[in-house]
Number of protein chains: 2
Amino acid sequence: MSNGTERPAAPAPITTARASIRDIARYAGVSVATVSRVLNGSALVKPESAARVQRIMEEHHYLPHAAARSLGRMRSETIGVVLPDIHGEYFSGLMRGIDAVAREARLHVLVASAHGSLREAREVTQSLYGRIDGLLMMLPEAVDPNEAQAMTCGLPTVWMNGRHGALEGCHVSIDSLTPARKLTQHLIDGGRRRIAFISGPRRNMDADQRLRAYLSVLAEQPDAMEPLVLDGDFSEESGYQAGRQLCVQPQSVDAIFAANDMMALGCLFALQEAGVDVPGQVALVGFDDVPIARYVNPALTTAGVDVAGMGGKAMSRLIQLLGPEPGEATDDVFQPNLMIRTSSAAVNTGQGINAENKRRASDQR
Amino acid sequence: MSNGTERPAAPAPITTARASIRDIARYAGVSVATVSRVLNGSALVKPESAARVQRIMEEHHYLPHAAARSLGRMRSETIGVVLPDIHGEYFSGLMRGIDAVAREARLHVLVASAHGSLREAREVTQSLYGRIDGLLMMLPEAVDPNEAQAMTCGLPTVWMNGRHGALEGCHVSIDSLTPARKLTQHLIDGGRRRIAFISGPRRNMDADQRLRAYLSVLAEQPDAMEPLVLDGDFSEESGYQAGRQLCVQPQSVDAIFAANDMMALGCLFALQEAGVDVPGQVALVGFDDVPIARYVNPALTTAGVDVAGMGGKAMSRLIQLLGPEPGEATDDVFQPNLMIRTSSAAVNTGQGINAENKRRASDQR
DNA sequence: CTGTTAGCGCATTCAA
DNA sequence: TTGAATGCGCTAACAG
């Protein structure tokens, strides 16, 4: 490419190796520095020169080489996003929020999934070094703060969803504890006492908070039954299975708290298949407020989590971190709103309650 | 950083500017080339030297700088993925498929959304130049083939979902036409004649194929009603609205074909809210087979689209394109499987059919 | 097996 | 307002 010493006229075919800044400089009859200046919008260029350079660049379909530029200015204008996995509405919502803010700041986004593994998270993050200016991190599970700190490779980092021990730095997260407590309490307030819980993935920090909230509220409620926890993994399939399992002896339970909406929906369909009336016989609540939650029948009570908002906030914070005024460590916590809908209507207002359930609920109130 | 001339002992704190390859070379008492060799696993290094270099690298938390490496070898080990937008299961499924293959090949993934705009797709792609080795492209709408070609910036590209005119190059897509025809025919075979269609976004290539399939099958069916197309945009909300609209005069329609599942689900919930029996009074089919489709009640008939599979295939093809044997232009078309479920059960087997519908359906068969 | 040398494409002093 | 020179961190011949 471009070893000629004269100024060729024909624009390079765009499928071929592209012109470099030197070629443009030569064609335009200026120095490389000048081309670099117009590239970066420097004011110290004579308008005519600038125009000529511009024209030549267009004629040759010139594009600056990002890697070279990165190396020169030690900045890639790219942010790395490391996530536990790539699944469903949660992932897409997060990415949408991140992308919206990144685009505004003309930043690129490099996504990497840890595939649920801490080791992979570490590896992938290291291989990002030199390719990104900052990091948005969400680990599949809690780790030692030193370990977490080491994983950033010294890059400016905003942690999402969950503090790792006493880890310093900037955090953005969604509180699960409070709304999960409220949801459990809401079921109790509705006259439910025999509440089952469908858990999320083991070691997942959100799932864990939700479970703990459920357990703690039950513990404070003397006339509630012993906790009943069914295994789930956040998939509708696992919710469906849990629902079927509960249908074997539906009388033993009058409410179900699923750790996320997809499982709640799977569970709902299992219950309906078995002819169990929701919320008449069994109340049901989820977590996340996925778009479909309000459309199902009965509409699903849940906690409205603004994942996109959190992603956007994380990106904003990171951008500030990269700027001249990084500021102190921050910790932004998003509070979900409770979306009380039909699936958790109180027993005395529910329809089609069978006598036994009704009696028991009244007895215990 | 690293201007010393001797060999310091203390490992650099990882929060500080990191050591470069030169520093490591100096500390290890070898040349930069040797360090580079162990970095790239060259066999031409004496084991002892390699071990020593390895140790020094670890002690200093050395990480090679990706941008520098990119520049040196003119390869970034990164793939750019340009998508029309970042929404829902479709996006996450696609990314999951892409990521799975990319990870195997130790490639990074840079995502960029065009936010529905062709202009933005062009801009973002250009700004990716020098940062990526290849491109996975999915445009928000069909464009002129030259235009499309120009947008690649000469980068090896695999096009996803939809050929732009006579554009050459590698394509991977999912056929919507055939399954959409089959779904329409399936409704007719089930005794339905008054079939409405809920459309997707204007100019979307998939949505367009599905609509055309619906129209063409109806045109071939002399005793079917005139096409009735309601506007939608692929969101459950728009499906819900369309469903409500249809409920105003439910007798006028005995089947609904929604251009995707989310709209079908929104529509289903609107119908149920209005007390319309599905599939008794109205049959319903969607497209995509989102995870939830099989769990709703009645389970949704749809076309099973393997987006993750398509994404993975696109990535595989691109990897080949980047290798020593790029091969000829290819065109892989994925055929969705029809998932016939309860929501489209034939009229004579449906339950709770009202007399009027039953009569009409029989008359027309 | 190892070191020396010369880039990769661009940004950025420092002079002019 | 411009150009020449130097360097970013690493790779890749080539010579030893």
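Each chain gets a letter, A, B and so on, in the order its sequence line appears, and its residues count up from 1.
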In whole Å, I'd like the distance from the CZ atom of A:Arg18 to the C1' atom of C:dC8.
17 Å
Between the side-chain atoms of B:Arg37 and the base atoms of C:dG3, is any donor-acceptor pair under 3.5 Å?
yes
For the pair made of CZ in A:Arg22 and C1' in D:dA4, what is the distance, rounded to whole Å?
14 Å
Starting from C1' on D:dC8, measure out to OH on A:Tyr129 and report it in whole angstrom.
12 Å
Report the nucleotide, chosen from D:dC10, D:dG3, C:dC10, that has the shortest atom-to-atom distance to any side-chain atom of B:Ile21.
D:dC10
On DNA chain C, more 5' by nearest nucleotide between B:Gly72 and B:Thr34 is B:Thr34
As an exercise, state the distance from CG of B:Asp331 to CZ of B:Arg317, rounded to the nearest 0.5 Å.
11.0 Å
Looking only at C:dC8, C:dC1, C:dC10, the nucleotide nearest the B:Pro47 side chain is C:dC1
Any chance you could measure A:Ser70, atom OG, to A:Ile132, atom CD1, to the nearest 0.5 Å?
11.5 Å
A:Arg73 (side chain) and D:dG7 (base): donor-acceptor pair under 3.5 Å:
no
Establish, yes or no, whether the cationic atom of B:Arg18 lies under 6.0 Å from the six-membered ring centre of A:Tyr129 and within 45° of the ring axis.
yes
Spacing between A:His65 atom NE2 and C:dA11 atom C1', to the nearest angstrom
15 Å
Identify whether the distance between the nearest side-chain nitrogen and carboxylate oxygen of A:Arg96 and A:Asp99 falls below 4.0 Å.
no
With nearest nucleotides of DNA chain C determined for B:Ala68 and B:Val32 from heavy-atom distances, which residue corresponds to the more 5′ nucleotide?
B:Val32
Rounding to an integer number of Å, can you tell me how far A:Leu71 CG sits from D:dT6 P?
18 Å
Nearest to the A:Lys46 side chain among D:dG9, C:dG9, D:dT2, which nucleotide is it?
D:dT2
Could you pick out which residue, B:Val35 or A:Ala50, lies toward the 5' side of DNA chain D when each is mapped onto its nearest nucleotide?
A:Ala50
Could you give the CG-to-P distance, from B:Leu44 to C:dG3, as a whole number of Å?
13 Å
Examine D:dC10: is either OP1 or OP2 under 4.0 Å from a nitrogen or oxygen in the side chain of B:Tyr62? Give yes or no.
yes
Closest to the A:Asn40 side chain: C:dT2, C:dC10, C:dA11?
C:dA11
Given D:dT11, D:dG3, C:dC10, the nucleotide with the shortest approach to the side chain of B:Leu39:
D:dT11
Between CD of B:Glu48 and C1' of C:dC1 the distance, given in whole Å, is 11 Å
Between D:dC10 (P) and A:Arg131 (CZ): distance, integer Å:
13 Å
Are A:Leu136 and A:Ile98 packed together at the side-chain level, in the sense that at least one heavy-atom pair is separated by less than 4.5 angstrom?
yes
Report yes if a side-chain nitrogen or oxygen of B:Ser20 is closer than 4.0 Å to either non-bridging phosphate oxygen (OP1 or OP2) of D:dG9; otherwise report no.
no
Side chain of A:Met74, heavy atoms from C-beta onward: which of D:dG9, D:dA4, C:dG9 has the nearest atom to it?
D:dG9
More than 12 heavy atoms of other residues, nucleotides or ligands under 6.0 Å from CD of B:Glu104: yes or no?
no
OP1 or OP2 of C:dA11 versus the side-chain N and O atoms of A:Arg69: is any pair under 4.0 Å?
yes
So what does B:Val30 touch, heavy atoms closer than 4.0 Å: a base, only the sugar-phosphate, or nothing?
sugar-phosphate
With the side chain of A:Val45 defined as its heavy atoms from C-beta on, choose the nearest nucleotide among C:dC10, D:dT2, C:dC8.
D:dT2
Just to confirm, is there a sub-4.0 Å distance from OP1 or OP2 of D:dT11 to any side-chain nitrogen or oxygen of B:Ser36?
yes
Under 4.0 Å, heavy atoms only, any strand: does A:Ser49 hit a base, just the sugar-phosphate, or nothing?
sugar-phosphate
